[in-house]
Amino acid sequence: MHPTFHILGTEISSYAAMALVGLIAGLCIGEYTRRHIGLSRGGLLTFTLFCMIGAVVGAKLLYMIVEWETTVSDLKNVLFG
């Protein structure tokens, strides 16, 4: 797998591209199923926003746990860098 690829002269990371594909796929599945469970479109978008925030916070927490030595030695850089 290539870490980055170029589209129209713009360098895009493969991780960001797959995250975007996953988000779009999730929204498509959510749009399809929301009609069956009676959820409004606004409710679906709110749920999606909370899922995205949870994913970012969870990923940062997992990184801090896995890289514990780095976290302890340079907390400011780990949190905001």
Given side chains that start at C-beta, do those of Thr4 and Ile12 come closer than 4.5 Å, heavy atoms only? no

Nearest non-hydrogen partners of Phe5 and Ala17, listed with the distance: CZ-CB, 3.6 Å

Just so I know, are the side chains of Met52 and Leu23 near enough to count as touching, which here means a heavy-atom distance under 4.5 Å? yes

Mind checking the OG1-CD1 spacing from Thr10 to Ile7? Nearest 0.5 Å is all I need. 8.5 Å

Could you tell me whether the side chain of Leu39 reaches within less than 4.5 Å of the side chain of Thr33, counting heavy atoms only? no

How many angstroms lie between OG in Ser40 and CZ in Arg35, if you round to the nearest 0.5 Å? 13.0 Å

Which pair of heavy atoms, one from Arg34 and one from Leu44, lies closest together, and at what distance? CD-CD2, 4.0 Å

Going from CG on Leu45 to CD on Glu31, what distance comes out if it is rounded to the nearest 0.5 angstrom? 8.5 Å

